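The structure appears right after this line, and notes come after that.
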Amino acid sequence: MNAIEIEQAITDLAEQPFDFIEFPYQFLEAFGNKSTTIKRLRAGTSNKSDLGGVLQTNNIHLLTCETGKVTQALAALKASPVTAKAKAKFVLATDGFYLEAEDLTSGETVACAFKDFPDHFGFFLPLAGISTVRQISENAFDIRATSRLNRLYVELLKENPIWGTAERSHDMNKFMARLIFCFFAEDTDIFVGKGRFTETIEQMSLRDSSNTHEVIAILFRTMNTNRKERAAAGIPRWADEFPYVNGRLFSGNDDVPRFSKIARSYLLHVGSLDWTKINPDIFGSMIQAIAEDEERGELGMHYTSVPNILKVLNPLFLDDLRTKLEEADDNARALLNLRKRIARIRIFDPACGSGNFLVIAYKEMRAIEAEINRRRDEPDRKSEIPITNFRGIELRDFPAEIARLALVIAEYQCDVLYRGQRLALAEFLPLRYDNWITCDNALRLDWLSLMDVGGSGVKLVSDNLLQSPLNQAEIDFENEGGETYICGNPPYVGSSKQSAAQKSDIQKLFEASNIKYKNLDYISGWFWLASKFCKDVNGAAAFVTTNSICQGEQVNLLWPTLLNKNMEIYFAHTSFKWSNLAKNKAGVTCVIVGIRAIKPGSKFIYFDNIRKEVTRINPYLLDFADVFIPRHSESISSLPKMLKGNQPTDGGNLILAPWEKRDLLRRNPEAEIYLRKLYGSKELIDGVDRYCIWIEDYELKDARSITEISRRLGGVTQARLQSPAQSTRKRANDAHRFIQIQDYGKRAMVVPEVSSEKREYIPCGILDEESIATNKLFAVYEPDLYVFALCSSKLHRVWVEAVCGKLEERISYSNVLGYNTFPVPELTEKNKADLTRCAEDILLAREHHFPATIADLYDQEKMPPDLRMAHERNDEVLERIYIGRRFKNNTERLEKLFDLYTKMTSSTASAKSKKRMMGAN
DNA sequence: AATCCGACAATTC
DNA sequence: GAATTGTCGGATT
């Protein structure tokens with residue numbers, strides 16, 4: 001269960017009639033315990049309670065009691081020896097009217113009316129075994145609000161299916177945004193009288209809910225009508241107490257969906273929450289998920305957590321502002337200048353979602369400004385930071401709507417925090433009419449035109465074509481000559497997973513450049529536009545991005561042109577795993593890259609949160625000079641050819657597990673000649689046994705006479721016909737052959753395509769001539785063993801780690817990027833012989849530990865000393881060939897390798913161009 | 001004809 | 001559940 005589901009379950013439980021016997025079980029069930037766990041507790045087998053309650057080990061001791069005896073019951077629970085013995089973290093007692101509970105770890109207590117216990121949702125969350133509890137507890141309100149809005153949304157769509165269609169979804173989204181605003185406003189005195197909005201709906205709408213939509217529509221119309229015009233607009237007296245809000249929020253269509261009785265009660269339910277606790281930096285991200293079919297009821301899988309947003313914003317510009325604040329000390333003049341500077345900073349998130357980067361940036365800047373005002377002794381001063389300087393582009397309608405709302409709420413909360421509620425209220429309404437969040441495709445827009453750079457004209461895209469076009473003269477951006485910082489977390493989509501529309505976005509952007517764009521990740525588009533933007537504007541840009549644009553092939557595709565000698569990477573966070581509160585988190589590893597026009601000043605690389613000051617950062621995010629490594633079709637060091645293994649593309653039909661092989665041979669012993677041992681990475685590393693059907697053309701007729709083989713070949717044909725790739729479908733009738741056959745029937749030195757990054761060495765292996773290597777292995781056929789020594793070396797590991805792509809953080813080997821590019825000094829026959837000896841020693845050491853698998857042997861903790869020694873000797877011999885001694889560390893290794901690579905490739909390049917010139921002569 | 005990559009995916013701990 | 005660690009095959013060159 002996720003947090004939202006738990007919230008719903010305990011809310012339901014509090015509303016049900018209290019059941020003295022059942023309550024403890026219902027309570028545990030609401031927190032996501034499995035029915036088998038509950039059953040065992042009921043049966044008493046796992047129930048350790050000595051008081052007739054329910055005690056779940058490592059969790060909670062619950063007791064229901066007679067009316068009025070709750071406090072005594074809780075004391076008894078705490079005093080019970082079994083509570084401590086079972087390591088219960090909570091005790092809870094209730095009589096159905098009143099409830100008391102204590103968190104035994106923190107000593108925190110809750111005492112409330114029974115029906116209100118769901119209000120302490122955050123308190124009880126550790127019971128759900130959610131690991132990021134602290135964060136969730138901090139955001140308990142936002143989760144509750146999301147949960148309840150979610151129910152309302154679903155119920156309204158049930159009642160008004162039309163509102164779920166593409167044409168009406170904008171109206172639905174606008175409606176939800178208006179509601180959220182009203183809930184916030186009624187709890188913060190923006191509307192006179194706490195809870196007046198919800199209360200008015202409750203009083204004025206009939207209990208059967210039939211006119212609820214009309215009541216709400218009148219309220220919305222009121223908020224869109226200036227006081228002077230209300231009489232003429234026929235606003236009824238009961239609505240007149242509501243203020244004029246406007247700010248586009250209530251303009252336009254004021255249709256309201258029809259309410260069922262349930263929807264009406266849900267609405268009142270959402271309204272009863274205390275919306276002052278709303279946290280706009282995270283709330284929007286949660287709430288936006290309710291409008292998305294796949295993610296409804298989840299906390300959005302792609303929203304960026306606050307710590308990760310700060311990883312972008314702090315080095316991007318906030319650290320600098322804070323340094324300047326510190327330098328200004330109490331100097332009134334310097335403080336004033338800084339305040340002026342801050343007021344003109346634009347923050348631009350071209351993939352803003354519900355605006356959490358913008359909100360956090362706003363709040364952080366307000367904090368700095370408040371400190372300036374404090375030091376200047378102007379604490380009540382109106383903020384000079386306009387929220388319209390926080391621009392965004394968002395493709396989806398609902399988040400765009402929410403982003404604007406979140407900024408409005410953030411502005412109000414900051415005013416309350418720094419200037420007091422009276423001043424905050426005085427200036428809050430009516431909302432400004434500006435439209436500063438654009439709902440459109442960021443890769444198809446001219447960013448400069450949304451930014452009013454240098455005070456030139458402004459071109460804005462209306463967010464709703466039904467409304468009259470914006471009067472551009474009304475828009476005052478207050479940032480002439482200011483800086484612009486671009487930030488955000490745009491979508492990542494690998495080149496082979498992009499939709500046709502996304503492909504075409506990328507094509508449009510890059511086709512005029514010399515970049516080969518077809519293998520780029522979708523996010524490259526944002527970096528591309530940002531770098532163009534930064535050339536024209538005083539500012540910088542940083543995004544959270546998939547780490548793959550800073551690895552392998554993409555480095556050489558994107559960055560040389562993007563940096564183009566006038567841009568630089570000025571800070572970077574190295575790989576970290578994506579994480580937020582969502583249950584189904586996106587599975588991706590990210591980096592953060594900050595770019596700007598070249599200028600002096602420090603650069604920083606962050607590993608986890610450790611900051612290292614450097615003078616340069618290359619696009620691999622390493623502290624080395626820029627090196628761009630393209631695919632090389634042959635070894636720059638004259639090493640023998642390395643091929644990819646053979647790719648089946650068989651839908652599993654040509655491949656047999658050991659038991660399948662046994663069954664087949666029991667029935668058809670004559671099939672043995674068509675079977676071979678098959679090796680991919682897993683088979684090599686973990687010693688997994690697998691076999692494949694391998695039939696030469698001339699054997700096909702005989703092989704087909706074996707029913708099972710014939711059946712399997714049919715399966716291959718079927719699988720290939722299903723493929724979206726034409727090249728695969730074409731080979732459907734060639735079912736007895738792997739789709740891609742490189743080489744076989746020879747002894748081979750093999751390297752796994754993907755393997756764990758935790759090993760000190762890439763675990764290469766040797767296959768005999770009977771075995772088949774799949775496309776999960778690279779192979780050098782009939783190898784000289786010194787090649788095994790090279791590929792098994794620390795130097796090679798370091799090189800491949802740096803220049804090949806990765807699968808998240810895994811080593812993803814490549815012949816053309818890692819092997820062919822590996823720079824090796826010219827080897828003498830003696831060198832080769834020495835290395836061959838080292839290779840043999842490694843292989844012997846492995847054999848000595850038979851039947852341990854490679855995974856066992858190369859486990860950092862458990863690597864046997866003799867094998868380790870053999871590798872050390874191998875490294876020693878090889879490194880002496882490079883520099884006459886051992887390298888001190890991996891940095892020195894990589895430095896040498898980059899250096900050597902540059903020398904070796906520039907000399908072959910000059911040799912080639914010499915050749916060309918000679919040819920021309 | 002040959003290879004990089006996956007807002008991953010399957011399996012284990 | 002989160003920690004570990006490599007399948008499979010498409011799209012592109």
Side-chain angles (χ1 to χ4, degrees), chain A residues 1-2 32 128-132 295 300-304 351 489-498 500 503 516-523 544-549 551-557 577-580 582-590 630-633 641-652 654-655 678 680-686 688 690 719-720 722-729 731 738-743 752-759 763 774-778 804-820 855 858-859:
Chain A
M1 276 171 108
N2 67 28
I130 294 172
S131 62
T132 38
E295 287 183 33
M301 60 192 304
H302 293 162
Y303 87 84
T304 320
N489 174 30
Y492 332 145
V493 191
S495 69
S496 65
K497 299 203 162 185
Q498 289 162 17
K503 289 240 177 243
K516 286 192 197 148
Y517 54 84
K518 288 197 174 170
N519 280 335
L520 288 178
D521 194 285
Y522 194 46
I523 199 178
V544 184
T545 164
T546 167
N547 60 1
S548 59
I549 67 161
Q551 288 169 5
E553 182 173 41
Q554 292 199 54
V555 170
N556 183 55
L557 293 178
K577 233 180 149 35
W578 180 257
S579 178
N580 59 26
K583 189 171 135 209
N584 297 313
K585 290 187 260 281
V588 65
T589 299
C590 302
R631 298 187 185 195
H632 283 253
S633 56
K641 186 111 182 132
M642 178 181 278
L643 298 171
K644 185 118 187 161
N646 310 295
Q647 181 169 321
T649 314
D650 64 333
L654 292 175
I655 298 173
L678 184 72
S681 297
K682 198 167 184 61
E683 291 73 26
L684 179 74
I685 294 169
D686 295 334
V688 175
R690 282 217 294 180
R720 289 188 185 164
Q722 308 274 313
S723 165
Q726 200 196 7
S727 59
T728 301
R729 293 196 301 272
R731 299 282 308 276
F738 278 27
I739 207 152
Q740 191 73 241
I741 296 176
Q742 298 284 3
D743 207 350
E753 191 216 24
V754 172
S755 63
S756 169
E757 71 277 21
K758 300 214 166 133
R759 301 187 185 108
T774 74
N775 57 322
K776 299 290 96 185
L777 290 179
F778 289 93
C804 285
K806 286 182 195 151
L807 178 51
E808 298 217 312
E809 306 244 43
R810 267 12 42 80
I811 291 177
S812 183
Y813 199 84
S814 158
N815 52 353
V816 289
L817 288 172
Y819 176 83
N820 289 345
Y858 283 81
D859 183 318

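Letters A, B, ... mirror the listed sequences (proteins, then strands); counts begin at 1. It should be emphasised that the depicted structure is a prediction, and the values quoted were computed from it without experimental measurement.
For Arg759(A), a side-chain nitrogen or oxygen approaches OP1 or OP2 of dG6(C) to under 4.0 Å. Regarding contacts with the backbone of dA2(B), every side-chain N or O of Asn815(A) stays at 4.0 angstrom or more from both OP1 and OP2. Side-chain nitrogen and oxygen atoms of Gln740(A) include none within less than 4.0 Å of the OP1 or OP2 phosphate oxygen of dA1(B). Distances shorter than 4.0 Å separate some side-chain N or O of Ser756(A) from OP1 or OP2 on dT5(C). Applying the 4.0 Å criterion to OP1 and OP2 of dG9(C), one finds that Arg729(A) has every side-chain N and O outside that range. Between Ser723(A) and the phosphate of dG9(C), there is no side-chain N or O to OP1/OP2 separation shorter than 4.0 Å. Residue Ser812(A) places none of its side-chain N or O atoms closer than 4.0 Å to OP1 or OP2 of dG6(C). One finds a side-chain N or O of Lys497(A) lying less than 4.0 angstrom from the OP1 or OP2 phosphate oxygen of dA7(B). Applying the 4.0 Å criterion to OP1 and OP2 of dT5(C), one finds that Lys682(A) has every side-chain N and O outside that range. Between Ser681(A) and the phosphate of dT5(C), there is no side-chain N or O to OP1/OP2 separation shorter than 4.0 Å.
Gly587(A) comes within contact range of at least one nucleobase, with a heavy-atom separation under 4.0 Å.
Checked by atom type and distance alone, the side chain of Gln498(A) pairs as donor or acceptor with a backbone atom of Val493(A) at under 3.5 Å.
A distance of about 26 Å separates the C1' atoms of dT13(C) and dA7(B), rounded to the whole Å. Remark: the separation of the C1' atoms in dA9(B) and dC5(B) is 14 Å, to the nearest Å.
A heavy-atom distance below 4.5 Å is not found between the side chains of Lys806(A) and Glu757(A).
Comparing Gln647(A) and Glu808(A) by the nucleotide of DNA chain B whose heavy atom lies nearest to each, the residue mapping closer to the 5' end is Gln647(A). Ranked by how close their nearest DNA chain C nucleotide is to the 5' end, Gln726(A) and Leu807(A) are led by Leu807(A).
Protein atom CZ of Arg720(A) is 14 Å distant from nucleotide atom C1' of dG10(C), rounded to whole Å.
Donor-acceptor pairing under 3.5 Å is recorded for the side chains of Asn489(A) and Thr304(A).
Residue Lys516(A) places its NZ atom among 12 or fewer non-hydrogen atoms of other residues, nucleotides or ligands, all under 6.0 Å distant.
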